[in-house]
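When reading the values below, keep in mind they use all heavy atoms of this one structure, side chains included, and skip hydrogens, waters and symmetry mates. Reminder, nothing fancy here: chain letters follow the sequence lines and each chain counts from 1.
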Protein chains: 2
Amino acid sequence: MQIELKELINRYQDAMNRIYRNVNIIMKEKIHSDITTDQFSTLQYIQKHEQCTSTEIANEFGVGKSAVTAQVNRLHEKGLIERIRDGKDRRNVYLHVTDKGIELVNYTENEVYASIGKNLAHFDDEEIQTFIDSLEKLAHVMDNE
Amino acid sequence: MQIELKELINRYQDAMNRIYRNVNIIMKEKIHSDITTDQFSTLQYIQKHEQCTSTEIANEFGVGKSAVTAQVNRLHEKGLIERIRDGKDRRNVYLHVTDKGIELVNYTENEVYASIGKNLAHFDDEEIQTFIDSLEKLAHVMDNE
DNA sequence: TAGAATAGTTCATGAAGTGAACTATTCACT
DNA sequence: AGTGAATAGTTCACTTCATGAACTATTCTA
(Lines give C-alpha, C1' and ligand atoms only; values in the text may rest on other atoms or scores of the structure.)
Protein backbone atom coordinates (compact mmCIF):
# COMPACT_ATOMS: atom_id res chain seq x y z
CA MET A 1 0.00 0.00 0.00
CA GLN A 2 1.24 3.45 -0.88
CA ILE A 3 1.69 6.17 1.67
CA GLU A 4 -0.63 8.32 -0.38
CA LEU A 5 -3.57 5.93 -0.08
CA LYS A 6 -3.19 5.80 3.68
CA GLU A 7 -3.22 9.58 3.74
CA LEU A 8 -6.33 9.72 1.57
CA ILE A 9 -8.18 7.25 3.74
CA ASN A 10 -7.25 9.21 6.83
CA ARG A 11 -8.71 12.34 5.32
CA TYR A 12 -11.77 10.43 4.17
CA GLN A 13 -12.30 8.89 7.60
CA ASP A 14 -11.88 12.20 9.37
CA ALA A 15 -14.28 14.06 7.08
CA MET A 16 -16.85 11.26 7.28
CA ASN A 17 -16.80 11.32 11.06
CA ARG A 18 -17.22 15.06 11.18
CA ILE A 19 -20.16 14.92 8.77
CA TYR A 20 -21.79 12.05 10.62
CA ARG A 21 -21.45 13.90 13.90
CA ASN A 22 -22.87 17.12 12.48
CA VAL A 23 -25.86 15.40 10.90
CA ASN A 24 -26.55 13.82 14.25
CA ILE A 25 -26.40 17.18 15.97
CA ILE A 26 -28.80 18.64 13.40
CA MET A 27 -31.20 15.76 13.90
CA LYS A 28 -31.11 16.02 17.69
CA GLU A 29 -31.84 19.72 17.36
CA LYS A 30 -34.73 19.28 14.94
CA ILE A 31 -36.51 16.38 16.59
CA HIS A 32 -39.06 18.20 18.70
CA SER A 33 -40.25 15.06 20.42
CA ASP A 34 -39.02 12.67 23.08
CA ILE A 35 -37.52 10.19 20.64
CA THR A 36 -33.86 9.53 19.93
CA THR A 37 -32.16 9.93 16.56
CA ASP A 38 -31.96 6.15 16.25
CA GLN A 39 -35.67 5.90 16.87
CA PHE A 40 -36.31 8.59 14.31
CA SER A 41 -34.18 6.80 11.71
CA THR A 42 -36.10 3.59 12.26
CA LEU A 43 -39.42 5.40 12.07
CA GLN A 44 -38.32 7.15 8.88
CA TYR A 45 -37.32 3.83 7.34
CA ILE A 46 -40.68 2.28 8.17
CA GLN A 47 -42.48 5.25 6.67
CA LYS A 48 -40.49 4.96 3.44
CA HIS A 49 -41.05 1.20 3.34
CA GLU A 50 -44.62 0.78 4.50
CA GLN A 51 -45.54 -2.75 5.55
CA CYS A 52 -41.92 -3.75 6.08
CA THR A 53 -40.94 -6.42 8.59
CA SER A 54 -38.56 -6.58 11.53
CA THR A 55 -36.23 -8.93 9.68
CA GLU A 56 -36.01 -6.47 6.81
CA ILE A 57 -35.04 -3.67 9.20
CA ALA A 58 -32.50 -5.89 10.94
CA ASN A 59 -30.81 -6.58 7.60
CA GLU A 60 -31.01 -2.99 6.46
CA PHE A 61 -29.51 -1.61 9.67
CA GLY A 62 -27.08 -4.47 10.17
CA VAL A 63 -28.31 -5.45 13.63
CA GLY A 64 -29.89 -8.54 15.16
CA LYS A 65 -33.62 -9.16 15.16
CA SER A 66 -33.88 -8.84 18.91
CA ALA A 67 -32.51 -5.31 18.71
CA VAL A 68 -35.28 -4.47 16.26
CA THR A 69 -37.94 -5.96 18.52
CA ALA A 70 -36.80 -3.64 21.31
CA GLN A 71 -36.71 -0.63 19.02
CA VAL A 72 -40.16 -1.41 17.61
CA ASN A 73 -41.47 -1.73 21.16
CA ARG A 74 -40.21 1.72 22.03
CA LEU A 75 -41.82 3.25 18.93
CA HIS A 76 -45.03 1.36 19.61
CA GLU A 77 -45.19 2.54 23.22
CA LYS A 78 -44.99 6.10 21.93
CA GLY A 79 -47.92 5.47 19.59
CA LEU A 80 -45.86 6.06 16.45
CA ILE A 81 -46.23 2.66 14.79
CA GLU A 82 -48.50 -0.37 14.77
CA ARG A 83 -47.90 -4.06 14.27
CA ILE A 84 -50.12 -5.83 11.76
CA ARG A 85 -49.94 -9.59 11.62
CA ASP A 86 -50.21 -11.13 8.16
CA GLY A 87 -53.47 -13.00 7.76
CA LYS A 88 -52.03 -15.51 5.33
CA ASP A 89 -48.59 -16.23 6.75
CA ARG A 90 -49.11 -15.60 10.43
CA ARG A 91 -45.36 -15.57 11.14
CA ASN A 92 -45.00 -12.15 9.53
CA VAL A 93 -45.66 -8.91 11.36
CA TYR A 94 -45.88 -5.86 9.15
CA LEU A 95 -44.98 -2.49 10.54
CA HIS A 96 -47.13 0.52 9.89
CA VAL A 97 -46.63 4.16 10.83
CA THR A 98 -49.58 5.81 12.58
CA ASP A 99 -50.91 9.26 11.68
CA LYS A 100 -49.04 10.66 14.65
CA GLY A 101 -45.87 9.01 13.35
CA ILE A 102 -46.36 10.31 9.82
CA GLU A 103 -46.82 13.81 11.10
CA LEU A 104 -43.66 13.56 13.18
CA VAL A 105 -41.58 12.25 10.29
CA ASN A 106 -42.83 14.82 7.81
CA TYR A 107 -42.36 17.72 10.15
CA THR A 108 -38.88 16.66 11.26
CA GLU A 109 -37.77 15.75 7.75
CA ASN A 110 -38.61 19.21 6.51
CA GLU A 111 -36.66 20.80 9.32
CA VAL A 112 -33.64 18.57 8.83
CA TYR A 113 -33.68 18.92 5.05
CA ALA A 114 -33.90 22.69 5.30
CA SER A 115 -30.90 22.69 7.59
CA ILE A 116 -28.81 20.40 5.41
CA GLY A 117 -30.01 22.31 2.37
CA LYS A 118 -28.51 25.44 3.87
CA ASN A 119 -25.16 23.68 4.00
CA LEU A 120 -25.50 22.50 0.42
CA ALA A 121 -25.96 26.10 -0.71
CA HIS A 122 -22.17 26.34 -0.65
CA PHE A 123 -22.03 23.85 -3.51
CA ASP A 124 -23.06 24.34 -7.11
CA ASP A 125 -25.41 21.86 -8.78
CA GLU A 126 -22.76 19.99 -10.69
CA GLU A 127 -20.58 19.58 -7.62
CA ILE A 128 -23.48 18.12 -5.64
CA GLN A 129 -24.39 15.80 -8.45
CA THR A 130 -20.83 14.52 -8.85
CA PHE A 131 -20.48 14.13 -5.11
CA ILE A 132 -23.66 12.13 -4.65
CA ASP A 133 -22.83 9.99 -7.66
CA SER A 134 -19.47 9.10 -6.11
CA LEU A 135 -21.11 8.50 -2.76
CA GLU A 136 -23.61 6.11 -4.28
CA LYS A 137 -20.93 4.38 -6.30
CA LEU A 138 -18.89 3.82 -3.16
CA ALA A 139 -21.93 2.54 -1.27
CA HIS A 140 -22.67 0.21 -4.14
CA VAL A 141 -19.12 -1.11 -4.38
CA MET A 142 -19.06 -1.73 -0.65
CA ASP A 143 -22.43 -3.48 -0.65
CA ASN A 144 -21.08 -5.99 -3.15
CA GLU A 145 -18.32 -7.38 -0.99
CA MET B 1 -37.53 23.88 -0.76
CA GLN B 2 -37.51 22.24 -4.14
CA ILE B 3 -38.61 18.65 -4.64
CA GLU B 4 -35.24 18.00 -6.22
CA LEU B 5 -33.28 18.94 -3.12
CA LYS B 6 -35.35 16.60 -0.98
CA GLU B 7 -34.68 13.82 -3.45
CA LEU B 8 -30.94 14.56 -3.42
CA ILE B 9 -30.79 14.55 0.37
CA ASN B 10 -32.63 11.25 0.46
CA ARG B 11 -30.07 9.72 -1.86
CA TYR B 12 -27.27 11.27 0.13
CA GLN B 13 -28.64 10.00 3.41
CA ASP B 14 -29.20 6.52 2.07
CA ALA B 15 -25.71 6.24 0.58
CA MET B 16 -24.10 7.63 3.73
CA ASN B 17 -25.85 5.07 5.89
CA ARG B 18 -24.82 2.22 3.65
CA ILE B 19 -21.18 3.36 3.67
CA TYR B 20 -21.16 3.88 7.42
CA ARG B 21 -22.60 0.42 7.96
CA ASN B 22 -20.11 -1.21 5.61
CA VAL B 23 -17.11 0.51 7.17
CA ASN B 24 -18.34 -0.73 10.52
CA ILE B 25 -18.59 -4.26 9.22
CA ILE B 26 -15.05 -4.06 7.82
CA MET B 27 -13.75 -2.76 11.14
CA LYS B 28 -15.48 -5.47 13.15
CA GLU B 29 -13.99 -8.02 10.82
CA LYS B 30 -10.45 -6.64 11.00
CA ILE B 31 -10.23 -5.97 14.73
CA HIS B 32 -8.60 -9.16 15.94
CA SER B 33 -8.97 -8.26 19.58
CA ASP B 34 -11.71 -8.09 22.17
CA ILE B 35 -12.39 -4.40 21.69
CA THR B 36 -15.37 -2.78 20.02
CA THR B 37 -15.27 -0.50 16.98
CA ASP B 38 -16.05 2.47 19.23
CA GLN B 39 -13.16 1.58 21.48
CA PHE B 40 -10.90 1.23 18.47
CA SER B 41 -11.95 4.64 17.13
CA THR B 42 -11.16 6.24 20.47
CA LEU B 43 -7.83 4.46 20.70
CA GLN B 44 -6.99 5.52 17.15
CA TYR B 45 -7.81 9.12 17.97
CA ILE B 46 -5.57 9.07 21.05
CA GLN B 47 -2.74 7.60 19.01
CA LYS B 48 -3.08 10.32 16.37
CA HIS B 49 -3.29 13.00 19.07
CA GLU B 50 -0.78 11.89 21.67
CA GLN B 51 -1.16 13.56 25.04
CA CYS B 52 -4.74 14.59 24.36
CA THR B 53 -7.26 15.04 27.16
CA SER B 54 -10.71 13.64 27.92
CA THR B 55 -12.35 16.99 27.31
CA GLU B 56 -10.75 17.15 23.88
CA ILE B 57 -12.13 13.71 23.00
CA ALA B 58 -15.55 14.63 24.33
CA ASN B 59 -15.66 17.66 22.03
CA GLU B 60 -14.24 15.77 19.07
CA PHE B 61 -16.73 12.92 19.36
CA GLY B 62 -19.63 15.12 20.44
CA VAL B 63 -20.33 13.27 23.71
CA GLY B 64 -20.25 14.19 27.38
CA LYS B 65 -17.14 13.98 29.51
CA SER B 66 -18.57 11.21 31.65
CA ALA B 67 -18.95 9.04 28.56
CA VAL B 68 -15.27 9.55 27.81
CA THR B 69 -14.28 8.62 31.36
CA ALA B 70 -16.09 5.32 30.95
CA GLN B 71 -14.52 4.68 27.55
CA VAL B 72 -11.04 5.55 28.81
CA ASN B 73 -11.58 3.16 31.73
CA ARG B 74 -12.39 0.32 29.36
CA LEU B 75 -9.27 0.99 27.27
CA HIS B 76 -7.16 1.30 30.39
CA GLU B 77 -8.43 -1.99 31.82
CA LYS B 78 -7.30 -3.65 28.61
CA GLY B 79 -3.83 -2.18 28.99
CA LEU B 80 -4.08 -0.13 25.80
CA ILE B 81 -3.69 3.36 27.24
CA GLU B 82 -2.31 5.14 30.28
CA ARG B 83 -3.30 8.26 32.16
CA ILE B 84 -0.59 10.79 32.87
CA ARG B 85 -1.40 13.64 35.20
CA ASP B 86 0.08 17.02 34.30
CA GLY B 87 2.75 18.06 36.81
CA LYS B 88 2.09 21.74 36.34
CA ASP B 89 -1.69 21.94 36.07
CA ARG B 90 -2.80 18.96 38.08
CA ARG B 91 -6.35 19.14 36.78
CA ASN B 92 -5.27 17.80 33.40
CA VAL B 93 -4.89 14.11 32.63
CA TYR B 94 -3.09 13.34 29.39
CA LEU B 95 -3.87 10.13 27.57
CA HIS B 96 -1.10 8.01 26.18
CA VAL B 97 -1.24 4.83 24.08
CA THR B 98 0.86 1.92 25.38
CA ASP B 99 3.11 -0.20 23.17
CA LYS B 100 0.41 -2.85 23.13
CA GLY B 101 -2.08 -0.20 22.01
CA ILE B 102 0.20 1.13 19.29
CA GLU B 103 0.72 -2.35 17.92
CA LEU B 104 -3.02 -2.98 17.88
CA VAL B 105 -3.78 0.28 16.09
CA ASN B 106 -1.06 -0.13 13.49
CA TYR B 107 -1.96 -3.71 12.71
CA THR B 108 -5.69 -3.05 12.48
CA GLU B 109 -5.26 0.15 10.50
CA ASN B 110 -3.26 -1.65 7.86
CA GLU B 111 -5.93 -4.32 7.56
CA VAL B 112 -8.77 -1.82 7.37
CA TYR B 113 -6.96 0.44 4.94
CA ALA B 114 -6.14 -2.48 2.67
CA SER B 115 -9.80 -3.45 2.65
CA ILE B 116 -11.07 0.04 1.94
CA GLY B 117 -8.28 0.47 -0.59
CA LYS B 118 -9.67 -2.51 -2.47
CA ASN B 119 -13.00 -0.68 -2.74
CA LEU B 120 -11.30 2.49 -3.93
CA ALA B 121 -9.69 0.57 -6.77
CA HIS B 122 -12.99 1.07 -8.61
CA PHE B 123 -12.28 4.79 -8.71
CA ASP B 124 -9.66 6.64 -10.69
CA ASP B 125 -7.32 9.08 -8.99
CA GLU B 126 -9.12 12.20 -10.07
CA GLU B 127 -12.49 10.86 -8.98
CA ILE B 128 -11.14 10.05 -5.53
CA GLN B 129 -9.52 13.44 -5.23
CA THR B 130 -12.68 15.28 -6.22
CA PHE B 131 -14.76 13.13 -3.91
CA ILE B 132 -12.58 13.66 -0.87
CA ASP B 133 -12.33 17.37 -1.60
CA SER B 134 -16.12 17.63 -1.60
CA LEU B 135 -16.33 15.52 1.53
CA GLU B 136 -13.92 17.79 3.36
CA LYS B 137 -15.67 20.88 2.09
CA LEU B 138 -18.99 19.58 3.39
CA ALA B 139 -17.44 18.67 6.73
CA HIS B 140 -15.93 22.12 6.94
CA VAL B 141 -19.16 23.91 6.06
CA MET B 142 -21.03 21.87 8.66
CA ASP B 143 -18.42 22.50 11.35
CA ASN B 144 -18.93 26.22 10.95
CA GLU B 145 -22.58 26.35 11.94
C1' DT C 1 -46.73 -36.12 8.62
C1' DA C 2 -42.09 -35.40 10.87
C1' DG C 3 -38.54 -32.33 10.79
C1' DA C 4 -36.32 -28.25 8.80
C1' DA C 5 -36.79 -23.48 8.10
C1' DT C 6 -38.55 -18.93 9.08
C1' DA C 7 -40.41 -14.83 11.89
C1' DG C 8 -40.57 -12.90 15.88
C1' DT C 9 -40.01 -12.49 21.09
C1' DT C 10 -37.84 -12.89 25.63
C1' DC C 11 -34.05 -12.72 28.65
C1' DA C 12 -29.54 -11.83 30.66
C1' DT C 13 -25.71 -9.12 29.78
C1' DG C 14 -22.53 -5.47 28.28
C1' DA C 15 -21.38 -1.08 25.84
C1' DA C 16 -22.28 3.59 25.41
C1' DG C 17 -24.77 7.67 26.28
C1' DT C 18 -26.96 11.42 29.54
C1' DG C 19 -26.95 14.87 33.24
C1' DA C 20 -26.46 16.09 37.92
C1' DA C 21 -23.57 16.12 41.89
C1' DC C 22 -19.12 15.75 43.40
C1' DT C 23 -13.64 16.49 44.14
C1' DA C 24 -9.63 18.76 43.11
C1' DT C 25 -7.23 22.31 41.21
C1' DT C 26 -6.27 26.77 39.12
C1' DC C 27 -7.63 31.46 37.68
C1' DA C 28 -9.14 36.11 38.44
C1' DC C 29 -9.91 40.08 40.96
C1' DT C 30 -10.62 43.43 44.48
C1' DA D 1 -3.60 37.10 50.12
C1' DG D 2 -8.18 35.17 49.92
C1' DT D 3 -12.61 34.19 48.10
C1' DG D 4 -15.50 32.88 44.36
C1' DA D 5 -15.72 31.46 39.52
C1' DA D 6 -14.00 28.42 36.14
C1' DT D 7 -12.04 24.15 34.57
C1' DA D 8 -10.88 18.94 34.43
C1' DG D 9 -12.15 14.87 35.58
C1' DT D 10 -14.93 11.25 38.13
C1' DT D 11 -18.94 8.95 40.11
C1' DC D 12 -23.63 7.59 40.09
C1' DA D 13 -28.24 6.33 38.64
C1' DC D 14 -30.52 5.67 34.64
C1' DT D 15 -31.74 4.86 29.55
C1' DT D 16 -30.81 3.16 24.96
C1' DC D 17 -29.14 -0.07 21.95
C1' DA D 18 -26.63 -4.08 20.85
C1' DT D 19 -25.66 -9.25 21.26
C1' DG D 20 -26.73 -14.23 21.25
C1' DA D 21 -29.04 -18.11 23.02
C1' DA D 22 -33.36 -20.18 24.05
C1' DC D 23 -37.97 -20.04 23.11
C1' DT D 24 -42.92 -19.92 20.58
C1' DA D 25 -45.53 -20.09 16.64
C1' DT D 26 -46.09 -20.96 12.07
C1' DT D 27 -45.16 -22.67 7.40
C1' DC D 28 -42.45 -25.39 4.08
C1' DT D 29 -40.66 -29.63 2.35
C1' DA D 30 -39.64 -34.17 1.20
Side-chain angles (χ1 to χ4, degrees), chain A residues 17 20-21 23-25 27-29 31 33-46 49 51-78 80-96, chain B residues 17 20-21 23-25 27-29 31 33-46 49 51-78 80-96:
Chain A
N17 286 341
Y20 195 82
R21 189 166 54 249
V23 169
N24 229 47
I25 290 170
M27 284 178 65
K28 264 187 201 160
E29 189 184 304
I31 295 175
S33 172
D34 68 334
I35 66 169
T36 66
T37 55
D38 274 344
Q39 283 166 26
F40 180 76
S41 295
T42 306
L43 186 62
Q44 199 180 17
Y45 181 88
I46 297 171
H49 302 83
Q51 304 293 95
C52 68
T53 65
S54 284
T55 302
E56 197 179 321
I57 294 177
N59 291 333
E60 187 64 26
F61 285 73
V63 299
K65 290 190 295 176
S66 58
V68 177
T69 296
Q71 190 71 298
V72 164
N73 282 339
R74 284 184 285 264
L75 290 171
H76 187 231
E77 277 161 20
K78 296 188 162 88
L80 299 169
I81 62 172
E82 275 169 0
R83 289 174 157 100
I84 298 171
R85 194 165 281 277
D86 186 337
K88 292 185 178 154
D89 185 341
R90 297 189 43 74
R91 288 172 302 186
N92 295 319
V93 175
Y94 299 119
L95 300 171
H96 167 78
Chain B
N17 286 340
Y20 195 83
R21 190 165 53 247
V23 169
N24 229 47
I25 290 170
M27 285 178 65
K28 265 187 201 160
E29 188 184 305
I31 296 175
S33 173
D34 69 334
I35 67 168
T36 66
T37 54
D38 274 344
Q39 283 166 29
F40 180 77
S41 296
T42 306
L43 186 61
Q44 198 180 18
Y45 181 89
I46 297 171
H49 303 83
Q51 304 292 95
C52 68
T53 65
S54 284
T55 301
E56 196 180 321
I57 294 177
N59 292 334
E60 187 64 27
F61 285 72
V63 300
K65 290 190 297 178
S66 59
V68 177
T69 297
Q71 190 70 298
V72 164
N73 282 339
R74 284 185 284 266
L75 290 171
H76 186 229
E77 277 161 23
K78 296 189 163 88
L80 299 169
I81 63 173
E82 275 169 0
R83 287 174 158 101
I84 297 171
R85 195 166 280 277
D86 186 337
K88 292 186 177 152
D89 186 340
R90 297 187 44 71
R91 287 172 301 185
N92 295 320
V93 175
Y94 299 120
L95 301 171
H96 166 78

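- Note: NE2 (A/H76) to P (C/dT10) measures 12 Å, nearest angstrom.
- Going from atom CD1 of A/I81 over to atom P of C/dG8 covers 12 Å, rounded to whole Å.
- For the pair B/I84 and B/H96, the tightest heavy-atom approach, listed with the atom from each and the gap, is CD1-CB, 3.9 Å.
- A/I84 has its CD1 atom 16 Å from the C1' atom of C/dA7, to the nearest Å.
- Partners of A/T53 under the side chain to side chain contact (heavy atoms under 4.5 Å, CB included) rule, at least two apart in sequence or in another chain, are A/T55, A/E56, A/Y94.
- Residues satisfying the side chain to side chain contact (heavy atoms under 4.5 Å, CB included) test with A/S33, not counting sequence neighbours, are A/I31, A/I35, A/L104.
- Every residue two or more places apart in sequence or in another chain that forms a salt bridge (Lys or Arg N to Asp or Glu O under 4.0 Å) with B/R21 is listed here: A/E60.
- Rounded to a whole Å, the CZ atom of A/R21 is 17 Å from the P atom of C/dA16.
- Between B/N92 atom CG and D/dT7 atom C1' there is a gap of 9 Å when expressed in whole angstrom units.
- Salt bridge status for A/R91 with A/D89: present, with a side-chain N to carboxylate O gap under 4.0 Å.
- A search for side chain to side chain donor-acceptor pair (under 3.5 Å) contacts involving B/R83 returns B/N73, not counting sequence neighbours.
- With B/H49 contributing its side chain and B/Y45 its backbone, the two residues share a donor-acceptor pair below 3.5 Å.
- Classification of the A/Y20-B/Y20 ring pair by plane angle, with boundaries at 30° and 60°, yields parallel.
- Over its length, the helix from C/dT1-D/dA30 to C/dT30-D/dA1 turns its helix axis by 20°, as judged from the five terminal pairs at each end, rounded to 10°.
- Side-chain proximity of B/N73 to C/dA7, D/dT11, D/dA8: nearest is D/dT11.
- Rounded to an integer number of Å, the gap from B/L43 CG to C/dA16 P is 12 Å.
- Between the CZ atom of B/F61 and the P atom of C/dA15 there is a distance of 18 Å, given to the nearest Å.
- Residues B/V93 and B/S54 are not in side-chain contact: their nearest non-hydrogen atoms beyond the backbone lie 4.5 Å or more apart.
- C/dG14 atom C1' lies 16 Å from atom CD1 of B/I35, rounded to whole Å.
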Checklist line | Reading 5' to 3' through nucleotides 17-30 of chain D, protein heavy-atom contacts under 4.0 Å coded B for base, S for sugar-phosphate only, - for none | finding: SSBB-----BS---
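- Side-chain proximity of A/K78 to C/dG8, D/dT16, D/dG9: nearest is D/dT16.
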